[in-house]
2 protein chains.
Amino acid sequence: MKWDTLEEEPCSLARTVAVIGDRWSLLILRECFLRKRRFEAFQSSLGITRHLLAERLKKLVRFGVLRRIPYQESPKRYEYILTQKGLDLYPIIMSIVHWGNIHMVDSRGRPMLHQHKNCGHMFDPVMVCSECGEPLSAKAVHVHPGPGARQTSPVHAMAADDPKAKAKTES
Amino acid sequence: MKWDTLEEEPCSLARTVAVIGDRWSLLILRECFLRKRRFEAFQSSLGITRHLLAERLKKLVRFGVLRRIPYQESPKRYEYILTQKGLDLYPIIMSIVHWGNIHMVDSRGRPMLHQHKNCGHMFDPVMVCSECGEPLSAKAVHVHPGPGARQTSPVHAMAADDPKAKAKTES
DNA sequence: GCTTTAAAGTTCTATTTTAGAACTGTCAAT
DNA sequence: ATTGACAGTTCTAAAATAGAACTTTAAAGC
């Protein structure tokens with residue numbers, strides 16, 4: 001698969017993976033949510049190569065997740081801050097952290113604890129149904145094709161406008 | 001960074017990224033949640049190379065996310081099913097899909113819709129506080145070091161038992 | 001009996017990505 | 001005049017991925 005076409009696939013998971021589904025982007029975003037903003041700060045706390053960091057930051061800016069903003073003139077210096085689109089990644093980050101807390105911690109326990117300012121308590125994130133408020137599980141969800149669904153063919157066969165593509169993948 | 005040590009870092013996000021943070025794993029897991037179980041089914045619907053698919057399935061089995069189970073004898077054939085640890089990835093998958101639904105869909109609309117069997121409604125996933133039930137946002141959360149937190153040094157400087165490592169990274 | 005088909009991989013080379021280190025340009029501070 | 005901070009860029013070597021062909025076991029069709 002060509003990864004530069006992943007973002008055009010008729011699948012919201014695939015399109016999001018085009019943005020965050022590589023080895024470094026989620027770690028960079030973790031730093032963003034921990035209020036890091038600058039190139040040197042990212043580089044030194046992650047140990048990412050400068051080359052890759054520059055590339056990933058460009059990609060995140062291109063996708064509108066980060067904004068590159070000058071924080072001083074002469075020499076012109078920039079910092080990277082989360083846009084609203086970037087802030088909206090918070091549930092993804094938190095659900096990843098929570099899964100790690102449950103399934104990947106060692107005997108020392110959790111590296112981080114989270115406190116909800118609204119209620120004051122230490123908490124875990126819980127994913128619930130927007131309609132009834134009950135916690136969600138895979139088995140309680142039924143999936144339907146939406147208006148943007150592909151017709152029949154699998155992802156990788158869609159590119160060419162080959163009239164036989166559909167028949168071929170169904171054989 | 002060596003990616004085979006990522007899973008030992010004192011960060012639940014990094015440890016989870018060690019499991020799902022590559023280009024294919026999340027797409028494979030999407031298929032798992034859509035009830036796909038077999039090698040050929042994964043391969044043909046994703047277009048992943050057979051080599052990579054075999055590697056990724058091994059990795060997911062090694063991490064306890066999938067279990068490899070024989071479904072027939074002679075010739076012995078196996079299928080891959082989600083463990084409880086794997087099923088617990090559902091909030092991650094759903095939050096990724098939801099972000100894509102909000103920020104990455106084209107004019108045709110969502111590729112998939114989700115119906116909650118419990119209440120019958122089409123829904124979106126919402127992440128709430130386990131203690132007060134309110135929806136979460138990054139700005140309403142305060143982060144504290146937990147019992148498994150690293151002491152002071154950044155990730156990449158922790159490996160060697162070099163007594164100067166700590167001082168060096170603080171300079 | 002011989003050939004084809006299916007499933008679940010394995011093996012091979014070519015291409016792309018990433019790692020690791022050094023280098024650049026602009027300015028402020030010493 | 002030199003050093004250092006910051007935000008990158010440029011290079012080569014190593015690793016990962018793509019793409020295709022090959023393997024094994026056994027059932028099905030002729």
Side-chain angles (χ1 to χ4, degrees), chain A residues 1-6 17-18 21-28 31 36-62 66-81 154-157 159-160 168-171, chain B residues 1-6 17-18 21-28 31-32 36-62 66-81 155-157 159-160 168-171:
Chain A
M1 185 188 292
K2 316 93 196 161
W3 288 101
D4 46 342
T5 65
L6 191 64
V17 165
D22 65 86
R23 291 187 140 67
W24 282 113
S25 294
L26 280 167
L27 292 166
I28 292 169
E31 298 301 307
K36 295 270 176 68
R37 300 172 159 215
R38 299 190 182 170
F39 192 94
E40 295 294 323
F42 294 129
Q43 201 281 320
S44 69
S45 69
L46 292 173
I48 185 176
T49 66
R50 308 177 74 76
H51 177 56
L52 258 255
L53 176 57
E55 285 247 327
R56 288 293 181 269
L57 289 172
K58 267 181 205 155
K59 188 185 83 168
L60 293 170
V61 168
R62 178 161 47 81
L66 297 179
R67 203 191 322 273
R68 184 165 173 267
I69 295 187
Y71 67 89
Q72 71 170 37
E73 304 291 326
S74 73
K76 203 139 190 173
R77 290 286 149 73
Y78 297 90
E79 60 186 7
Y80 296 87
I81 65 162
V155 170
H156 56 286
K168 186 165 55 186
T169 57
E170 283 175 348
S171 65
Chain B
M1 185 188 292
K2 315 94 198 162
W3 289 99
D4 47 343
T5 65
L6 191 64
V17 166
D22 64 86
R23 292 188 139 65
W24 283 111
S25 294
L26 281 168
L27 291 166
I28 293 169
E31 297 301 307
C32 294
K36 295 271 175 69
R37 302 173 157 211
R38 299 189 183 171
F39 192 94
E40 295 293 324
F42 293 130
Q43 202 280 321
S44 70
S45 69
L46 291 173
I48 184 174
T49 67
R50 308 177 73 77
H51 177 55
L52 257 259
L53 176 57
E55 286 245 328
R56 289 294 181 270
L57 289 172
K58 267 182 204 156
K59 188 184 84 167
L60 292 170
V61 168
R62 179 161 47 80
L66 298 179
R67 204 190 318 277
R68 183 164 173 268
I69 294 187
Y71 68 89
Q72 69 169 40
E73 304 290 326
S74 74
K76 204 141 190 173
R77 292 284 150 74
Y78 298 89
E79 61 186 7
Y80 298 87
I81 64 163
V155 169
H156 58 287
K168 186 166 56 184
T169 58
E170 283 175 349
S171 66

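Below, read A as the first sequence line, B as the second, and so on, with proteins coming before strands; counting in each chain starts at 1.
Atom P of nucleotide C/dA6 and atom CZ of B/F39 are separated by 16 Å, given to the nearest angstrom. When rounded to the nearest whole Å, the span between CG of A/L46 and P of C/dA19 equals 12 Å. To the nearest angstrom, P of C/dA19 lies 11 Å from CG of A/L53. Remark: C1' of C/dT18 and CD1 of A/I48 are 10 Å apart, rounded to the nearest angstrom. Note: CD (A/Q72) to C1' (C/dA28) measures 10 Å, nearest angstrom. Look at CD on B/Q43: it is 11 Å from P on D/dG19, rounded to the nearest Å. The CD-C1' distance, from A/E73 to C/dA28, rounds to 16 Å in whole Å. Taking atom CG of residue A/L52 and atom C1' of nucleotide D/dA14, one finds them 13 Å apart after rounding to whole Å.
Here the side chains of A/Y80 and A/F42 are in contact, with some heavy-atom distance below 4.5 Å. Contact annotation: the side chain of B/Q72 never approaches that of B/P70 to less than 4.5 Å [non-hydrogen atoms, C-beta and beyond]. Inter-residue side-chain proximity for B/W24 and B/L46 is flagged as met; some heavy-atom pair is nearer than 4.5 Å. Side-chain contact between A/D22 and A/K59 is present, with heavy atoms from C-beta onward closer than 4.5 Å.
In this model, the phosphate group of C/dT17 is not approached by any side-chain N or O of A/R56 to a distance below 4.0 Å at OP1 or OP2. Considering only side-chain N and O atoms, B/R37 lies nowhere under 4.0 angstrom from the phosphate OP1 or OP2 of C/dA7. Applying the 4.0 Å criterion to OP1 and OP2 of C/dA7, one finds that B/Y80 has every side-chain N and O outside that range. Within the structure, every side-chain polar atom (N or O) of B/Y78 is placed at least 4.0 Å from both OP1 and OP2 of C/dA7.
Nucleic acid contact for B/Y71: sugar-phosphate only, since backbone atoms but no base atoms lie under 4.0 Å from a heavy atom of the residue.
Closest to the side chain of B/S74, from the set D/dA7, C/dG20, D/dA26, is D/dA26. Picking from C/dA19, C/dG9, C/dC12 the nucleotide with the shortest atom distance to the side chain of B/H51 gives C/dC12. Distances were taken from every side-chain heavy atom of A/P75 (C-beta onward) to each of D/dG8, C/dC27, D/dG19; the shortest belongs to C/dC27. Side-chain atoms of B/K58 lie closest to C/dT10 of the nucleotides C/dG9, C/dT10, C/dG20. Side-chain atoms of A/E40 lie closest to D/dC6 of the nucleotides D/dC6, C/dA8, C/dC12.
A salt bridge is absent between A/E55 and A/K58; no separation between the charged side-chain nitrogens and carboxylate oxygens falls under 4.0 Å.
Of the two residues contacting DNA chain D, namely B/R77 and B/R50, the nearest-nucleotide position lying further toward the 5' end is that of B/R50. Of the two residues near DNA chain C, A/K76 and B/L57, the one whose nearest nucleotide lies more 5' is B/L57.
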